[in-house]
Participant: 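Following this message is one structure expressed as C-alpha cells.
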Amino acid sequence: MPTLYLYNSLTREKSAFEPLHPGHVGMYVCGPTVYNDVHLGNCRSFISFDVIFRTLRYLGYKVRYVRNITDVGHLLDDGEDRIAKGARLEQLEPMEVVQKYTNSFLEMMRIFNVSPPSIEPRATQHIIEQIEMVAAILENGYAYEINGSVYFDTVRFAREKGVYGQLSGRVIEDLLQETRDLKKQDEKRHPADFAIWMKAEPEHIMRWNSPWGEGFPGWHLECSAMSTKYLGHTFDIHGGGADLKFPHHENEIAQNYGACGCAPAKYWVHGNMLLLNGKKMSKSDGNTISPYELFSGESPFISRGYSPMTVRFFMLQAHYRSTLDITDEALQAADKGYRRLMEAWKNIQRLPAPAGKQESDLDREILGQLDLAVEELCDDFNTPKALARLFEVTPRINALHGGQIPPDQILPSTLVRLRETMSALLFDVFGLAEEDQGTASATVNALMDLILDLRGRARASKDWPTADRIRDGLKEAGIVVKDGPEGSSWSAS
RNA sequence: GGUCACGUGGCCGAGUGGCUAGGCAGAGGUCUGCAAAACCUCGUACAGCGGUUCGAAUCCGCUCGUGACCUCCA
C-alpha cells in the first residue's frame, strides 16, 4: 500500500499520515445542525469526508468515524435558539423539529450513498459530558461564570497557551486589541471570549439543569465533548467545512486545551465551499439550490435534473480543498462522464476471455494507470487525478469490448486486477453506485424484447422505414436503441 | 478595513520549476443500411506586467479581477 499524504490545515502543509495508534484512525467531522433541510454545500462536505473515510478503510485502517448531529441549536444573532425558533414557526416540539430534519438529513446521505459513520452522537444526548467539560475548564481557570452563564476566557488562554489563532491564522494581538464594543447586555469580559454555557431565558424551550442554573451548552462545546468522549483527548483527524475554521474549530481547540491541556486532533482537514454563480452557497442569502431541486431540475439555475450519482461524480471531479462552481454546463459534462465510466465498468464484466500469453505493452499500460490511480488517491485524496487515470483505461476497456483490440493483447491476470481495482475505486472508495435508469420491470423487459425482436426482423428484411420508425418512436419515449454486432440493446436515456 | 485563498484552452477542472492531466463540447476519420454508441486522430491554455533561472502555468514583486473568513453557516 502506498503511503497516504494529507494536507493539515494546522501546519498548512502536506505530510505523510502517521496514525497515533498503528492501524487505527480516529476521525471526527462536524455534522449538521438539524434545524433545516440540508443544502447542497453540506452534502459536498459530507461526501468529501465520506471519500476520506472510505479511502482510509480501503488502505486497511480500522477507522472510528464520528460525525455528530447538533440538535441543541446555536444562538442566533438576536439571541434566539435556532431549534426553538424552528419549533415556534412550525408549531412543533423542539425535539420534533430535530427529529424531522435529522431524518431528512440521513435520507439525503443515503441518497448520495454516503456511508454511515461509526458513531453519530447527538448534542442533546451529551449534556452531562458538556457540563462536565465546562466544569473542567472552569476548574482549570480558563472560564468564568457570570449570572448563570459561563464564558471561555480567550484572553487568558491565548496568553498562556499560545495556540489560539493558529488554525485560522488569527493574530492574537489583533484579537486582544479589538475594540470593546460590547453590547450593553453582553456580560463577556472581552469580545473574543465565547459562551460555553448559556443561562436560559424563560422563553427558551431547550434547557437543562446545571451547576450554574438552567441553561444550555455553548456554540462549540458539543464537538469538544463528544470527540473527547468517543475518540479520546487526542485523536487523528478532525474535519469540517472551511467556514468552520473560525470561530468554531479555533474555539473547539481552545476548549479541549482548556479542559485537558492537550490538542484535540493531530490533523485538521477542511473541505472547501461549493459555489453557485461564483459565490458561496448559503442558506441565508438565497444563493442556493437544494438537492431535490437539483435532482428534479426545478431550479432557475439548471436546465434539467441530475441524478444523485451524477452530482457525486461531479463533486469528485474537483479536489476537496478547491472551491467548486456549480453550473449547468459542468453538470451536463459530469453526467456524460459518469455514464461513460459506468458503461466501461459494465463492459469490464462482459469482456471476452483474455488470451494473452505474455505481458504486453497494453498490460503494462493498464496496470500502470491503476497503480497511479491508487497512488494519486493517496496524495491528499486527489479524486480528480485518480478519476483521470480511470478515464485513461476506459478506451482500452471499450476497445477490448468492442473488438478493436483482440483478447490476446491482455493477460488474464490483468483483467482480474482491472476488475478488482476498478470495483474498489469506483464503488468502495468513490462511493459511486450503478443507477439503473431503466429500473426496468419484468414487464418492460418483456415488451422491449418483443419490440426489438420485431425491429430485428424488419432490419433483416431491409425494411428500414419500419426499423427507423421503431427506433425514433422509442427515442421519443426516452429509450435509446443501440445496434451492435450481437443484436440491439436499449437503455433509458 | 484586517486576514487568507484563487485567477488554467469554448465550459468544468487537475497540475507547484523541464515530462500528455482528465471530463464535456468541437473538427476529421473507422465501424454501421442510416444513426447512436464505441474506437482512432486533432487543441501548445495557464489574468497582465516585470524579475529570478539554462528553463516558469508552477518561485518572487507589482497591477487588475474574483472569492472566502473576520457574524450562524459544510
Side-chain angles (χ1 to χ4, degrees), chain A residues 12 29-33 35-36 38-49 73-78 80 82 165 168-171 174-175 178 219 239-248 250 270-275 278-285 288 313-314 316-341 343-344 347 372 376 379 382-392 394-405 459 462-464 467-468 471-472 475 480-485 488-491 493:
Chain A
R12 286 151 211 266
V29 170
C30 293
T33 303
Y35 73 110
N36 214 326
V38 260
H39 74 105
L40 207 53
N42 295 59
C43 294
R44 181 189 184 196
S45 192
F46 298 128
I47 287 171
S48 294
F49 286 103
H74 291 161
L75 277 180
L76 293 170
D77 288 338
D78 58 4
E80 193 172 18
R82 283 177 167 182
S168 58
R170 294 301 115 144
V171 181
D174 292 354
L175 278 170
E178 217 173 322
W219 304 4
D243 50 357
L244 292 181
K245 266 190 196 175
F246 191 88
H248 185 64
E250 199 70 75
H270 289 95
N272 217 322
M273 301 294 102
L274 190 61
L275 269 40
K279 290 191 178 167
K280 185 175 105 162
M281 271 206 182
S282 164
K283 290 183 218 184
S284 46
D285 64 12
T288 185
F313 174 84
F314 169 72
L316 293 173
Q317 276 197 307
H319 188 89
Y320 77 91
R321 279 194 291 116
S322 297
T323 54
L324 172 62
D325 204 351
I326 283 233
T327 65
D328 194 52
E329 258 187 305
L331 284 166
Q332 290 201 30
D335 182 58
K336 288 271 187 72
Y338 164 67
R339 283 164 193 258
R340 180 168 155 81
L341 202 53
E343 198 58 32
N347 286 341
L372 280 171
E376 286 161 346
D379 181 13
N382 198 325
T383 53
K385 260 188 148 183
L387 275 171
R389 296 304 174 183
L390 300 190
F391 275 110
E392 294 281 3
T394 291
R396 304 288 176 253
I397 293 163
N398 290 340
L400 282 161
H401 176 255
Q404 291 95 336
I405 297 176
R459 292 183 72 215
K462 298 198 192 299
D463 178 5
W464 308 128
D468 291 350
R471 188 174 62 196
D472 295 345
K475 192 176 181 184
V480 177
V481 176
K482 298 173 195 169
D483 297 332
S488 302
S489 62
W490 65 278
S491 61
S493 61

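Here is the naming used below: chain letters follow the sequence lines, and residue numbers restart at 1 for every chain.
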Participant: Is there a donor-acceptor contact under 3.5 Å from the side chain of A:Thr394 to the main chain of A:Leu390?
Facilitator: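 Indeed, once roles are kept as given, a pair shorter than 3.5 Å links the two residues.
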Participant: Between B:A35 and A:Arg471, counting only base atoms on the nucleotide and side-chain atoms on the residue, is there a donor-acceptor pair under 3.5 Å?
Facilitator: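 Looking at the base of B:A35, it does pair with a donor or acceptor on the side chain of A:Arg471 (distance under 3.5 Å).
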Participant: What distance, rounded to whole Å, do you find between the two P atoms, one in B:C49 and one in B:A27?
Facilitator: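 Looking at atom P only, B:C49 and B:A27 are 33 Å apart.
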Participant: Could you work out which one of B:A14, B:A68, B:C11 sits closest to the side chain of A:Lys280?
Facilitator: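 Selected nucleotide: B:A68.
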Participant: Would you classify A:Gly41 as touching base, sugar-phosphate or nothing, given that sugar-phosphate means primed atoms plus P, OP1 and OP2, and contacts are heavy atoms under 4.0 Å?
Facilitator: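 Counting heavy atoms under 4.0 Å across all strands, the contact made by A:Gly41 includes a base.
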Participant: Whole angstroms only, please: what is the CG-P distance between A:Leu274 and B:C12?
Facilitator: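 In whole Å, B:C12 P lies 14 Å from A:Leu274 CG.
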Participant: Students often get this wrong, so: under 4.0 angstrom with heavy atoms, is A:Val29 touching a base, only sugar-phosphate, or nothing?
Facilitator: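 No contact.
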Participant: Below 30° counts as parallel, above 60° as perpendicular, anything between as tilted: where do the rings of A:Tyr320 and A:Phe49 land?
Facilitator: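 The rings of A:Tyr320 and A:Phe49 sit tilted, inter-plane angle from 30° to 60°.
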Participant: For B:A38, does OP1 or OP2 lie under 4.0 Å from any side-chain N or O of A:Asn347?
Facilitator: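 For A:Asn347, the contact criterion (side-chain N or O under 4.0 Å from OP1 or OP2 of B:A38) is not met.
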Participant: Does the side chain of A:Asn398 pick up a donor-acceptor pair with the side chain of A:His401 at under 3.5 Å?
Facilitator: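 No, no side-chain donor-acceptor contact under 3.5 Å.
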Participant: Would you measure the distance from the P atom in B:U8 across to the matching atom in B:A57 and give it in whole Å?
Facilitator: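 Taking atom P in both B:U8 and B:A57, they lie 15 Å apart.
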Participant: Using the C1' atom in both, what is the distance from B:U41 to B:C31, to the nearest Å?
Facilitator: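 The answer is 15 Å between these two C1' atoms.
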Participant: Step by step, work out the side chain to side chain contact (heavy atoms under 4.5 Å, CB included) result for A:Asp243 and A:Lys280.
Facilitator: CA-CA 10 Å; A:Asp243 50 357; A:Lys280 185 175 105 162; 3.6 Å; yes
Participant: Once you apply the 3.5 Å cut-off to both distances, tell me the Watson-Crick or G-U wobble partner of B:U52, or none.
Facilitator: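 Looking at the geometry, B:U52 pairs with no nucleotide.
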Participant: Answer yes when A:Lys475 and A:Asp472 have at least one side-chain N-carboxylate O distance shorter than 4.0 Å, and no when they do not.
Facilitator: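 No, no charged N to carboxylate O under 4.0 Å.
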Participant: If you measure from the P atom in B:G23 to the same atom in B:C59, how many Å do you get, rounded?
Facilitator: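 Looking at atom P only, B:G23 and B:C59 are 26 Å apart.
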Participant: Nearest-Å distance, CZ (A:Phe314) to P (B:C11)?
Facilitator: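 In whole Å, B:C11 P lies 15 Å from A:Phe314 CZ.
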Participant: Just N and O in the side chain of A:Asn398: are any of them under 4.0 Å from OP1 or OP2 of B:A38?
Facilitator: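 Answer is no, no contact under 4.0 Å.
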Participant: To the nearest Å, how far apart are A:Asp243 CG and B:U71 P?
Facilitator: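 Going from CG in A:Asp243 over to P in B:U71 covers 14 Å.
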Participant: Ignoring hydrogens, what is the shortest heavy-atom contact between A:Arg44 and A:Asn272? Give both atom names and the distance.
Facilitator: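 Distance-wise, the nearest heavy atoms are NH1-O, 3.3 Å.
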Participant: Base contacts versus sugar-phosphate-only contacts with protein, heavy atoms under 4.0 Å: please encode nucleotides 20-32 of chain B as B, S and - from 5' to 3'.
Facilitator: BBSBSS-------
Participant: In Watson-Crick or G-U wobble terms, both distances under 3.5 Å, what is the partner of B:A57?
Facilitator: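 By the stated definition (distances under 3.5 Å), nothing pairs with B:A57.
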Participant: What is the separation between atom CG on A:Asp325 and atom P on B:A14, rounded to the nearest whole Å?
Facilitator: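 The answer, rounded to whole Å, is 11 Å.
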Participant: From B:C69, B:A74, B:A14, pick the nucleotide closest to the side chain of A:Ala318?
Facilitator: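 Shortest atom-to-atom distance from the side chain points to B:A14.
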Participant: Would you measure the distance from the P atom in B:G13 across to the matching atom in B:A47 and give it in whole Å?
Facilitator: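 After rounding to an integer number of Å, I get 15 Å for this pair.
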Participant: Given atom CG of A:Leu324 and atom P of B:A74, what is their separation to the nearest angstrom?
Facilitator: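 Computing the A:Leu324:CG to B:A74:P distance gives 18 Å.
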Participant: Where the side chain of A:Phe246 is defined as all heavy atoms beyond and including C-beta, which of B:C70, B:A74, B:A14 is the nearest nucleotide?
Facilitator: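 The nucleotide sitting nearest to the side chain is B:C70.
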Participant: Under a 3.5 Å cut-off for both contacts, is B:U3 paired Watson-Crick or G-U wobble with anything, and if yes, with which nucleotide?
Facilitator: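 B:A68 is the nucleotide pairing with B:U3.
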Participant: Expressed as a whole number of angstroms, how long is the span from A:Leu275:CG to B:A74:C1'?
Facilitator: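 My rounded result for the distance is 13 Å.
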Participant: Expressed as a whole number of Å, how far does the P atom of B:C39 sit from that of B:G65?
Facilitator: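 Those two atoms are separated by 45 Å.
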Participant: Taking only the side-chain heavy atoms of A:His39 (C-beta and beyond), determine which of B:A14, B:C70, B:C73 contains the nearest atom.
Facilitator: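 Closest nucleotide among those given: B:C73.
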Participant: Take atom C1' in B:G26 and the same atom in B:A45, then report the distance between them in whole Å.
Facilitator: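 Taking atom C1' in both B:G26 and B:A45, they lie 16 Å apart.
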Participant: Across all strands, who's sitting opposite B:A14 as a Watson-Crick or G-U wobble pair, both distances under 3.5 Å?
Facilitator: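 Result: none.
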Participant: Given A:Leu331 and A:Ile326, is the side chain to side chain contact (heavy atoms under 4.5 Å, CB included) satisfied, shown in steps?
Facilitator: CA-CA 7 Å; A:Leu331 284 166; A:Ile326 283 233; 4.1 Å; yes
Participant: If B:A47 has a Watson-Crick or G-U wobble mate with both distances under 3.5 Å, name it; if not, just say none.
Facilitator: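 Its partner is B:U63.
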Participant: May I have the distance from A:His270 (atom NE2) to B:A5 (atom P), rounded to whole angstrom?
Facilitator: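 Computing the A:His270:NE2 to B:A5:P distance gives 15 Å.
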Participant: Whether A:Ser322 contacts B:A14 is assessed here as follows: a side-chain N or O lying under 4.0 Å from the phosphate OP1 or OP2. Is that the case?
Facilitator: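 Looking at the OP1 and OP2 atoms of B:A14, one of them is under 4.0 Å from a side-chain N or O of A:Ser322.
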Participant: Both distances under 3.5 Å, Watson-Crick or G-U wobble: report the partner of B:C34, or none.
Facilitator: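 WC or wobble partner does not exist here.
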Participant: On RNA chain B, check which nucleotide each of A:Lys279 and A:Arg396 is closest to and give me the residue with the more 5' one.
Facilitator: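 Result: A:Arg396.
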Participant: With a 4.0 Å cut-off on N to O distance, would you call A:Arg389 and A:Glu376 a salt bridge?
Facilitator: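 Between A:Glu376 and A:Arg389 there is a salt bridge, with a charged N closer than 4.0 Å to a carboxylate O.
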Participant: In whole angstrom, give me the gap between the P atoms of B:G61 and B:A25.
Facilitator: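 The same atom, P, in both gives a distance of 41 Å.
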Participant: For A:Lys279, I'd like to know if atom NZ has over 12 heavy atoms of other residues, nucleotides or ligands within 6.0 Å.
Facilitator: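 No, the 6.0 Å shell around NZ holds no more than 12 heavy atoms from other groups.
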Participant: When the nearest nucleotide of RNA chain B is assigned to A:Asp468 and to A:Gly240 on a heavy-atom basis, which residue is associated with the more 5' position?
Facilitator: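 In this pair, the answer is A:Asp468.
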Participant: Within this structure, what is the CG-to-C1' distance between A:Leu244 and B:A68, rounded to whole angstrom?
Facilitator: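 A:Leu244 atom CG is separated from B:A68 atom C1' by 13 Å.
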